[in-house]
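Contents: one structure, followed by commentary.
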Amino acid sequence: MSNAAHDFMTSTRAQPANDQDDHIANRLRDVLLHRRLTPLFQPIVDMQNGQIIGYEGLIRGPSDSPLHSPLNLFKAARACNLSVEVEHLCRRITLEKFAELQLPGKLFLNVSPECLVQPDVRLGETLGYIHEVGINPERVIIELTESHPTYDYDLLREAVKHYRAMGFVIAIDDLGEGFSSLRLWSEIRPEYVKIDMHFVQGINQDPIKLQFVRSIQEIAEKSGTLVIAEGIETDAELLMIRDLGVRFGQGYKIARPNAHPITTLPAELCALLNQNNVAVYPHEKGRSHDVLTAAKLLRHVKAVSPEVQNNRIYEMFNNDPTLEIIPVVSNGLPLGLITRANLIDNFARPYLRELHGKKSCTLFMDANPLIADKNTALHTLSQLIVDADRHHLFNGFIITDNGQYAGMGNAHDLMREITQMQINAARYANPLTLLPGNVPIDEHIDRLLAGGAHFCVCYVDLDHFKPYNDVYGYRKGDDVLRLTGRILSAHCDPERDFVGHIGGDDFIILFQSTDWEWRCRQIIDVFAAAISGFYSEEHRNAGGYISEDRRGKKVFHALATISLGLLKVEPGVYGSHHQIATAAADSKKQAKKIPGNSLFIDRRLGPFAGERADSEESTQADPLVP
């Protein structure tokens with residue numbers, strides 16, 4: 001009988017409260033008595049070369065028992081105050097099986113922090129198991145798995161110090177999921193951290209998860225810690241984790257836990273890790289205007305109480321030529337606004353100053369000012385001013401903090417901030433199509449170049465778009481741009497191809513898909529079929545329309561068409577996104593020379609390919625007319 005089983009059989013600890021608990025306790029007794037636990041092993045791979053560097057040891061209870069799940073197993077152990085005994089048995093069985101299978105690399109052995117700091121913990125017992133089965137302690141990594149909050153960090157540090165002295169390496173499991181895993185990282189400085197699967201799964205579609213993993217990787221690099229990403233289940237997640245520089249990975253995409261695990265990766269998985277394709281980062285659909293609030297516009301303007309006389313207000317305006325408005329506040333609550341123009345205009349009238357000079361300033365006060373809390377988003381505040389009476393645009397608005405007067409804001413400052421926000425937002429995501437803007441476009445090109453990827457740059461431009469705007473209006477023109485963005489996105493692989501909106505009617509696609517030419521021709525066909533619906537029947541039948549150009553001359557304009565200029569990029573030829581932009585722009589110019597919907601493919605290599613666009617190695621598609 002094992003020590004754990006003996007302890008269980010002789011325990012005088014709390015007994016189960018009902019029949020169900022009694023049944024679970026009996027099952028747990030049987031598990032401990034007969035060592036009915038099965039160890040499984042899941043490979044951990046080097047994301048840069050595909051080599052298996054070790055395995056995480058996992059445990060399962062009897063398959064015909066509610067204790068099969070490790071969650072249920074340890075929940076029952078805690079209920080019977082047998083967590084330490086169960087955990088020690090799990091470690092022993094896992095170590096024995098790892099040695100028996102002669103698995104290569106390291107063994108990540110799950111240990112709970114609360115078990116390490118138990119006052120009666122049998123220090124050295126794990127090392128004894130290891131010596132028994134003939135494993136070098138340097139191959140065993142103590143993986144701290146948090147299921148309860150850890151408070152006694154001093155004791156935990158001492159326990160970790162003890163294990164390190166015996167030759168063990170320390171890892172933290174489920175970083176970002178536990179109660180205090182970041183604090184744990186800071187306190188014990190582990191050699192490995194494992195990022196919880198929540199932040200890995202769907203990372204290719206979630207910019208917040210991307211930023212979390214990127215930040216963890218940056219901290220790890222600075223602290224000399226190696227990162228393992230758990231829960232990788234798709235090709236896209238695998239490539240995203242690899243491209244972020246995370247050293248190791250684990251998950252169903254690599255291999256499921258198994259009693260007899262693989263010792264080498266399948267060839268197709270190695271090929272996936274070794275390919276030069278660059279993952280497409282998810283992007284925010286426009287930067288939120290909620291980030292900036294009315295607090296950004298706050299100006300501290302001295303307020304007056306309603307008891308102040310109009311003569312005093314007149315003196316204040318007269319003594320300070322820059323003062324345009326005075327708020328009236330009572331016990332911290334804003335009552336209204338007095339404007340310079342209104343007061344001086346009234347006092348200029350005969351006898352009004354003599355009649356009302358000693359009366360309350362509320363007499364000439366706007367009692368219905370525009371009021372906004374300091375946490376009001378700027379775009380919401382802008383809409384409030386647009387919807388309100390005109391005079392609020394000139395008077396400004398009162399800013400409050402939980403209903404109390406805080407200061408003033410004015411429309412000029414609001415317009416400046418809104419404009420700057422729109423400029424900044426457009427650099428990251430076009431506000432019309434919500435496609436990535438110039439900054440992420442340049443960043444992705446640089447990542448493709450740095451990764452040595454083979455890719456194609458497709459510069460997309462609409463022909464005859466400006467006269468369409470002039471005749472049909474900017475609202476209809478915006479609809480055409482949105483249509484273009486949807487068509488481009490629909491014909492790209494979101495995991496391999498990047499679609500961006502440079503501005504106006506200029507778009508860009510960065511193809512890693514090998515069937516890029518077929519995709520381009522599909523884009524042309526779909527656009528040609530869809531664009532006619534944006535014209536009147538008369539203009540469709542005529543194939544265009546007549547309008548005045550900038551000089552007032554009548555000119556016939558054909559229906560809008562789409563031009564695609566495509567540049568093939570080989571590794572090592574271009575040095576920056578600036579060179580790519582110049583060459584791609586030249587390919588677009590060549591495409592626009594072709595009447596109708598067109599695709600121009602520049603097959604030349606090098607930054608100056610466009611200068612030789614007329615050579616026989618450059619090809620262009622036949623015009624495609626809707």
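Computed from a predicted model, the values in this text were never measured in an experiment. For this chain, numbers begin at 1 and follow the sequence in order.
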- Item | Partners passing ring pair (Phe, Tyr, Trp, His ring centres under 6.0 Å) against Tyr535 (at least two apart in sequence or in another chain) |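 Tyr468, Tyr472.
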
If only side-chain N and O atoms count, and only distance matters, is there a donor-acceptor pair under 3.5 Å linking [Y] with [X]?
X	Y	value
Asp442	Asn438	no
Ser513	Asp497	yes
His356	Asn310	no
Asn395	Thr339	no

Can you confirm whether [X] sits close enough to [Y] that some side-chain heavy atom of one is under 4.5 Å from a side-chain heavy atom of the other?
X	Y	result
Gln383	Asp387	yes
Asp506	Tyr459	yes
Ile523	Ile509	yes
Val213	Ile195	yes
Leu481	Asp505	yes
Phe364	Ile344	no
Val278	Gln512	yes
Phe465	Val480	yes

Residue pair [X] / [Y]: nearest heavy atoms and the distance that separates them:
X	Y	value
Phe556	Ala542	CZ-O, 3.8 Å
Ala372	Leu381	CB-CD1, 3.7 Å
Val200	Ala229	CG2-CB, 3.9 Å
Met408	Gly396	CE-C, 4.4 Å
Cys361	Val304	SG-CG2, 4.2 Å
Pro436	Val499	CD-O, 3.1 Å

Side-chain polar contacts of residues 203-212 - donor-acceptor pairs under 3.5 angstrom, sequence neighbours left out - could you list them?
| residue | atom | partner | partner atom | Å |
| --- | --- | --- | --- | --- |
| Asp206 | OD1 | Ile208 | N | 2.9 |
| Asp206 | OD1 | Lys209 | N | 3.3 |
| Lys209 | NZ | His198 | O | 3.0 |
| Lys209 | NZ | Gln201 | O | 2.8 |
| Gln211 | NE2 | Ser215 | OG | 3.1 |

Residues in salt bridge (Lys or Arg N to Asp or Glu O under 4.0 Å) contact with [X], at least two apart in sequence or another chain:
X	result
Glu315	Arg312
Asp243	Arg447
Asp461	Lys592

- Task: Under the side-chain contact (heavy atoms from CB on, under 4.5 Å) rule, what do Ile172 and Ile188 come out as? Steps first, then yes or no, please.
- Result: CA-CA 9 Å; Ile172 292 179; Ile188 68 173; 4.2 Å; yes

For residues 321-337, which side-chain N or O atoms pair as donor and acceptor with protein atoms under 3.5 Å away, sequence neighbours left out?
| residue | atom | partner | partner atom | Å |
| --- | --- | --- | --- | --- |
| Thr322 | OG1 | Asp320 | OD1 | 2.6 |

- Task: Could you check Leu448 against Tyr574 for side-chain contact (heavy atoms from CB on, under 4.5 Å), going step by step and ending with a plain yes or no?
- Result: CA-CA 11 Å; Leu448 288 166; Tyr574 292 89; over 6 Å; no

- Can you sort out the partners of Ala581 under side-chain contact (heavy atoms from CB on, under 4.5 Å), two or more places apart, ordered by chain and number?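 Testing Ala581 for side-chain contact (heavy atoms from CB on, under 4.5 Å), a comparison that skips the adjacent residues, returns none.
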
- With sequence neighbours left out, what residues match Asn410 under side-chain contact (heavy atoms from CB on, under 4.5 Å)?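 Asn410 satisfies side-chain contact (heavy atoms from CB on, under 4.5 Å) with Arg299, His412, Asp413 once adjacent residues are dropped.
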
- Task: Determine, stepwise, if the pair Glu307 / Ser305 fulfils side chain to side chain donor-acceptor pair (under 3.5 Å).
- Result: CA-CA 5 Å; Glu307 291 78 23; Ser305 68; 3.0 Å; yes

Rounded to the nearest 0.5 Å, how far does [atom2] of [Y] lie from [atom1] of [X]?
X	Y	atom1	atom2	result
His578	Thr582	NE2	OG1	9.0 Å
Asp373	Thr293	CG	OG1	8.5 Å
Leu567	Gln590	CG	CD	12.0 Å
Cys492	Phe511	SG	CZ	4.5 Å
Tyr545	Glu538	OH	CD	12.5 Å
Ser563	Leu599	OG	CG	9.5 Å

- Message: Does Lys296 have more than 12 heavy atoms from other residues, nucleotides or ligands lying within 6.0 Å of its NZ?
- Response: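 Incorrect, the count does not exceed 12.
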
- All pairs passing salt bridge (Lys or Arg N to Asp or Glu O under 4.0 Å) where residues 348-361 contributes a residue, at least two apart: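 Applying salt bridge (Lys or Arg N to Asp or Glu O under 4.0 Å) to every pair that reaches into residues 348-361, excluding sequence neighbours, yields Asp345-Arg349.
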
- Item | Pairs satisfying salt bridge (Lys or Arg N to Asp or Glu O under 4.0 Å), at least one member in residues 400-410, at least two apart |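 Residue pairs passing salt bridge (Lys or Arg N to Asp or Glu O under 4.0 Å), neighbours aside: Lys374-Asp401.
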
- Query: Pairs in or reaching into residues 479-495: which pass side chain to side chain donor-acceptor pair (under 3.5 Å), with residues at least two apart or in two chains?
  - Reply: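 Pairs touching residues 479-495 that pass the test: Asp479-Arg482.
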
- Task: Scan for ring pair (Phe, Tyr, Trp, His ring centres under 6.0 Å) pairs involving residues 326-350, sequence neighbours excluded, and state none if there are none.
- Result: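 Qualifying pairs: Tyr314-Phe347.
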
- Do Ile508 and Val460 pass the side-chain contact (heavy atoms from CB on, under 4.5 Å) test, and can you show the C-alpha distance, the side-chain angles, and the key distance before you say yes or no? CA-CA 6 Å; Ile508 195 166; Val460 181; over 6 Å; no

- Donor-acceptor contact present, side-chain His501 to main-chain Gly504, <3.5 Å: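 Judged by distance alone, yes, a pair lies under 3.5 Å.
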
- Message: Test side-chain contact (heavy atoms from CB on, under 4.5 Å) on Phe317 and Leu343; report intermediate values, then the result.
- Response: CA-CA 9 Å; Phe317 281 128; Leu343 183 74; 3.7 Å; yes

